[in-house]
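To start, the structure under review is shown below, and the notes come after it.
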There are 2 protein chains.
Amino acid sequence: MSTTIKASKLSMQTRNLIREVVEGIKIVPHPDKEMIPLSIGDPTRFGNFQLEEEVMGKLGELISSYKYNGYTHSCGYPEVREAVAKHYSTEEDPLTADDIVLASGASGAVELAMKSLVNEGDNILAPRPGFSLYQTVAENNGAETKYYNLLPDQSWEVDLEQLDSLVDERTKCIVITNPSNPCGSVYSKEHLLDILAVAEKHGLPIIADEIYENMTFEGVPFFSLSELSVNVPLLIVGGLAKRFLVPGWRLGWIHIHDRNNAFDEIRVALGKLSQVILGPSTLAQCIVPYLLNEVPQSFHDETMAKLQESAMYCVERLEKMQGLTVIKPEGAMYVMTRIDIDAFPDFKDDREFAQALISEQSVFVLPGQCFLFDNYFRIVFCATKSMLEQAFDRMEEFVNDHFVKEE
Amino acid sequence: MSTTIKASKLSMQTRNLIREVVEGIKIVPHPDKEMIPLSIGDPTRFGNFQLEEEVMGKLGELISSYKYNGYTHSCGYPEVREAVAKHYSTEEDPLTADDIVLASGASGAVELAMKSLVNEGDNILAPRPGFSLYQTVAENNGAETKYYNLLPDQSWEVDLEQLDSLVDERTKCIVITNPSNPCGSVYSKEHLLDILAVAEKHGLPIIADEIYENMTFEGVPFFSLSELSVNVPLLIVGGLAKRFLVPGWRLGWIHIHDRNNAFDEIRVALGKLSQVILGPSTLAQCIVPYLLNEVPQSFHDETMAKLQESAMYCVERLEKMQGLTVIKPEGAMYVMTRIDIDAFPDFKDDREFAQALISEQSVFVLPGQCFLFDNYFRIVFCATKSMLEQAFDRMEEFVNDHFVKEE
Ligand SMILES: Cc1ncc(COP(=O)(O)O)c(C=O)c1O
Ligand SMILES: Cc1ncc(COP(=O)(O)O)c(C=O)c1O
């Protein structure tokens, strides 16, 4: 037998845009400068953001009890789902364990949610700039991603008219990311209501990716779509990765926020889909009630205070650089900056800009192309203060080396 | 908005046969008898099979190091894949980290493997009786499952001629489970070579589910297909669930055993598919090298000695019961028993038999229908000796109550 085995169509068309762009970049840092990666949305990377030791001890204890080695319900331990339900319940919108599906990270949750909704040939509406996962999952299911625009000059709000115009008879859902990766934006109540109105007009459900829920800066309130939707059924995606600083644990969830029993069938579908890989690891599941109930608010407050400080420092430094326009973030861990590309004639686009920043200064930022948004770059502001200082010193030098004043 | 949101076709056709049959059974145990579940393939259920405390301590230690909280490569930590590769390498068939894809349990591994191979409308060949997962995953991908027969009177060997006759132009792979769930059978080298010959004749790859590798009784050697295949490319599926008694941890893997570079494209496809949910939990990944390298052989020997003792006890008891014919297992955790259904006129089929066994005697066995094999039942022999004793005493009473001698 010497024939090649052909891979399936859907597997070969499964693309991860971030990886593709990054793999197309020559990542060869300057030999004399240590690499500063401001590229990966992993808050654990620099050791400055982590859960308290108590939590790790508690997890060790739970594991040693031998109670968490066996199979669970495919949607997760009932008591864990119960804890999640309780945590996210409001008086107007009470949840039960049956409304919660645990999954392998928010990624697994998005996969289940989208798979329950789309057939081959359908489409989903997703934000641009936006996180590449939605497209990856859509393509993996043979569906198309249509992009609605976020407006950088309006704090990355949705272009509602354009969103509305994208809907066709094969559109199966709208994906909303709030707070946003890569923008660091946080939507107001009014704007969320406007988005809901578009969804309601077309009878579309929303997959609301709220993995950065409550990760907003001082004075910026976070509203979950679940608090605001009267008639639009929602699959809210969340998990431990960002708020609890453990992305590797792969623990995410869907809350089914049904409205008018629109999701009767979707609920069944999610249950069926969960039976394929049988839920996330018990090692991560078992600590969820403790994390939600016992980790004090002060932990989250401190995390956010540090993130905000870093964010403001980034903005302050970037604002001073010629040819760049930073769009102030209000939460999450990201800030987007516009490159006046005509002022940098050495570079054709954001990709070349980012690549040269690596080779000359060993500073790694993701080009906007990773989020389908040209001539921007995204910075993850989780690095330590001293690393950020160094990174921006180098970036300043880089900008000064390449910026050409327009006459 | 009062319209119902329709679920996708593929999600709704995703069925888990075991659940369907079990949900169709009224599970109402006899009120005076405690339930003895011999139904679930979960060795942790009764507390008599577990990892040593040292391992749990080691895991707690690793977790406390804060080294395993971040994102990993989508196929898993390189050093963990390296450890798996090394463990399964042979001189003739060396593996590297690139040949290993870590996944969410063996289930996740089967899902990745099958997804990389099948398009909608394709088919796979799977064993009957067999584990329902293959059909679940195939249906989830729009593929059909065609069943090749295992022959109970030939130690559950494959009906090779019938297997051969099933192949058509849409057949994408053969799934082999060895040792077998639900049969507890273990194939000889010769039989595996015969199976390979059929695959080679048709140019088909094999997905070899070897999650029960080395779980064989004394004197019964285990051969991995990887040792025997000269020309048939293999995706070997395995994981921690059964051998290390931690199914809840959801840690499985694929070894890519390529032959003649047939899998160049499949390798790429598996990488792409892994980027969707980004690998299994780091909490389970991090202990894999320790489990493979440090857990002594005596642990596995003791597990198997206990399982064999239980198995032999089951056989001994079942052999004495009228109207039943037990097929002696040689490994894994399962034994299948034929019901001479005509000798039990109270019951139409194995499902009614199993249901009455619950309601009259509170003993839960899975009817053969769960594995597409009528008039058998499967027993999981992981329960403690005293539970098994009780279970068989009750089963004996049950059989005596219902058996009617044919004249
Ligand atoms: C918006 C958004 N959704 C989902 C995810 C994936 O989260 P998880 O690691 O839990 O799969 C990320 C990770 O960066 C994200 O930014
Ligand atoms: C033959 C076989 N393959 C795969 C699995 C699933 O293993 P995991 O729990 O690692 O997904 C099982 C579980 O019973 C099995 O019996």
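The chains referred to below are lettered A, B, ... by the order of the sequence lines, with proteins before strands, and numbering in each begins at 1.
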Considering only heavy atoms, which portion of [X] lies under 4.5 Å from any heavy atom of chain B: side chain, backbone, both, or neither?
X        : value
A:Arg267 : neither
A:Gln13  : neither
A:Lys201 : neither
A:Pro280 : backbone
A:Leu133 : side chain
A:Tyr68  : backbone
A:Leu62  : neither

Report yes or no: does A:Tyr66 contribute a side-chain atom to a donor-acceptor pair with the main-chain N or O of B:Met56 at less than 3.5 Å? no
Test item: A:Arg250 side-chain N/O and B:Leu283 main-chain N/O as donor-acceptor pair under 3.5 Å: no
For chain B, the option from [options] that forms the most heavy-atom pairs under 4.5 Å:
options                               : answer
A:Met12, A:Glu61, A:Lys172, A:Lys6    : A:Met12
A:Asn140, A:Asp258, A:Thr72           : A:Asn140
A:Thr136, A:Val230, A:Val118          : A:Val118
A:Thr44, A:Val246, A:Asp42            : A:Asp42
A:Gln285, A:Glu111, A:Arg45, A:Lys272 : A:Lys272

Answer with yes or no whether the side chains of A:Ser116 and B:Ser11 bring together a donor and an acceptor at under 3.5 Å.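 Distance-only check fails for B:Ser11 and A:Ser116.
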Can you confirm whether more than 12 heavy atoms, excluding those of B:Glu20, are under 6.0 Å from its CD atom? yes
In this structure, are over 12 heavy atoms from other groups packed under 6.0 Å from A:Glu54 atom CD? no
Compare every heavy atom of [Y] with every heavy atom of [X], then report the nearest pair and how far apart it is.
X        : Y        : result
B:Asn16  : A:Gln275 : CB-OE1, 2.9 Å
A:Trp249 : B:Ser281 : O-OG, 3.0 Å
B:Ile5   : A:Pro205 : CD1-CD, 3.7 Å
B:Val276 : A:Val137 : CG1-CG2, 3.8 Å
B:Gly70  : A:Pro247 : CA-CG, 4.1 Å

Pick one of side chain, backbone, both or neither for B:Ile63, based on which atoms fall under 4.5 Å of a heavy atom in chain A. both
Interchain contact, B:Leu270 with chain A, by part (heavy-atom threshold 4.5 Å): neither
Quick one: which of [options] has the most heavy-atom pairs under 4.5 Å with chain A, could you say?
options                             : value
B:Gly60, B:Ser8, B:Ser74, B:Ser107  : B:Ser8
B:Arg19, B:Glu53, B:Glu120          : B:Arg19
B:Glu265, B:Lys115, B:Arg15, B:Lys9 : B:Glu265

If you round to the nearest 0.5 Å, how far is CG of A:Asn119 from CG of B:Leu10?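 Between atom CG of B:Leu10 and atom CG of A:Asn119 there are 7.0 Å.
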Can you tell me how far apart OG1 (B:Thr4) and CG (A:Asn261) are? Round to the nearest 0.5 Å.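 Spacing of OG1 (B:Thr4) from CG (A:Asn261) equals 8.5 Å.
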